[in-house]
Protein chains: 2
Amino acid sequence: MNEAQKPGFSRCNNATLRRAARSLGRFYDDALAPSGLKGTQFGLLFQIQISDEPAMGAIAEALIMDLSALGHTLKPLIRDGYVETFADKDDRRVKRVRLTSQGQAKLDEALKLWNVAQQQFEEKVGAEQAAKLRAALDAVADLDLAMPTAALRTEEAADQAP
Amino acid sequence: MNEAQKPGFSRCNNATLRRAARSLGRFYDDALAPSGLKGTQFGLLFQIQISDEPAMGAIAEALIMDLSALGHTLKPLIRDGYVETFADKDDRRVKRVRLTSQGQAKLDEALKLWNVAQQQFEEKVGAEQAAKLRAALDAVADLDLAMPTAALRTEEAADQAP
DNA sequence: CCCGAAAAGTGGCATATGCCACTAATTTAG
DNA sequence: CTAAATTAGTGGCATATGCCACTTTTCGGG
């Protein structure tokens, strides 16, 4: 097996990324623990806050996550009263989401904890370095990746055939 | 709210990392789909292969994942006959893991698919850039992060008080 | 040799994510 | 305007991960 053929000591970009995500995830989770929120929930609440009563699809797109996954993830937050949903006025298919006042308060509380973790992290790797890393990750996330081979034959056909 | 206090447009290192992981994860999952393995399973099988009948704890440590999580993740692979476990000769607490011949075959099969995805990715971002990114991610994963405040009072005490 | 502390896993419970099959509501052909 | 195609979500099923409470073994003193 030649060099290019095997993941060397984890040459797999995906495996490396997940490993780092697990590691950093635990750190942020620990930091946010006092608030009772997980890092993912914090991120989700924040995304909702900065958007204007976003539709579920909009959130899913922004976070590059499956729509149904978003629905699942949202449930505990709705159950705990941090978030509420309501139908769009013009398109009844669309369900919009917003923070409740309780959710806003919880987010504010978590934000303080988040700041500590974030600063701790940036202190370790350097603010500039961290910014570069985030930029690189955003670039990766927004890549237009698609398998060129068989699997997507359908899609290709759709593009090439009338 | 001042600049440093809010995650701007996702200034959260953790959120950015997870977002990228979801995105890239789907790409690799799609690529590996024909083999029936998920990206995580592929990575786990690979890790087992390059180790010498590793103990579960060793695998968990290498992948920076919770030991119990590893146990859960391993179940489907054992169920499908790709992996088998056996007790360590000297320490009955230790459970070692190895690929079955079937697992080895499956890994070889998946490796071909992985190569396509990996090359596709490196073609997009550049091999050097990808290597740098992996290095940065490994560095982040191996950071010795710990909250300085209350939560770890115990640990601090253990270090300072005899 | 016996006991309490430490180490390695297991099982249960909860969240995180995805895919697929469906349902409801819209939009677009004809 | 009506039927086909598209869009937005939901619910079910399966894997991914973590934490906590235990159980089983070891190990380190007395």
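Not measured: the values here are computed from a predicted model. Residue numbers begin at 1 in each chain, while the letters A, B, ... track the order of the sequences. Computed over heavy atoms, backbone and side chain alike; hydrogens, waters and symmetry mates excluded.
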How would you label the contact of A/D90 with the nucleic acid (heavy atoms, under 4.0 Å): base, sugar-phosphate, or nothing?
sugar-phosphate
Taking for each residue the nucleotide of DNA chain D with the nearest heavy atom, is it B/K38 or A/K75 whose nucleotide lies nearer the 5' end?
A/K75
Using a heavy-atom cut-off of 4.0 Å across all strands, would you classify B/G57 as base, sugar-phosphate, or nothing?
sugar-phosphate
Relative to the ring of B/F42, is the ring of B/W114 parallel (under 30°), tilted (30 to 60°) or perpendicular (over 60°)?
parallel
Output yes when at least one side-chain N/O atom of A/R96 is less than 4.0 Å from OP1 or OP2 of D/dA8, else no.
no
Quick one: is D/dA16 close enough that its OP1 or OP2 comes under 4.0 Å of any side-chain N or O from A/R22?
no
Heavy-atom side-chain contact between A/Q102 and A/D80 under 4.5 Å
no
side-chain N/O A/R18 vs D/dT17 OP1/OP2, d < 4.0 Å
yes
Is the phosphate of D/dT15, meaning OP1 or OP2, less than 4.0 Å from a side-chain N or O of B/T73?
no
Treating B/S35 as the side-chain partner and B/A110 as the backbone partner, does any N or O pair qualify as donor plus acceptor under 3.5 Å?
no
Could you state the CD1-P distance from B/I59 to D/dT17, rounded to the nearest angstrom?
14 Å
N/O-N/O pairs, protein side and nucleotides 2-6 of chain D side, under 3.5 Å:
none

Report yes if a side-chain nitrogen or oxygen of A/R92 is closer than 4.0 Å to either non-bridging phosphate oxygen (OP1 or OP2) of D/dT7; otherwise report no.
no
Under-3.5 Å N/O pairs linking protein and nucleotides 19-22 of chain D:
{"residue": "D/dC19", "atom": "OP2", "partner": "B/D66", "partner atom": "OD1", "Å": "3.2"}
{"residue": "D/dC19", "atom": "N4", "partner": "B/S68", "partner atom": "OG", "Å": "2.3"}

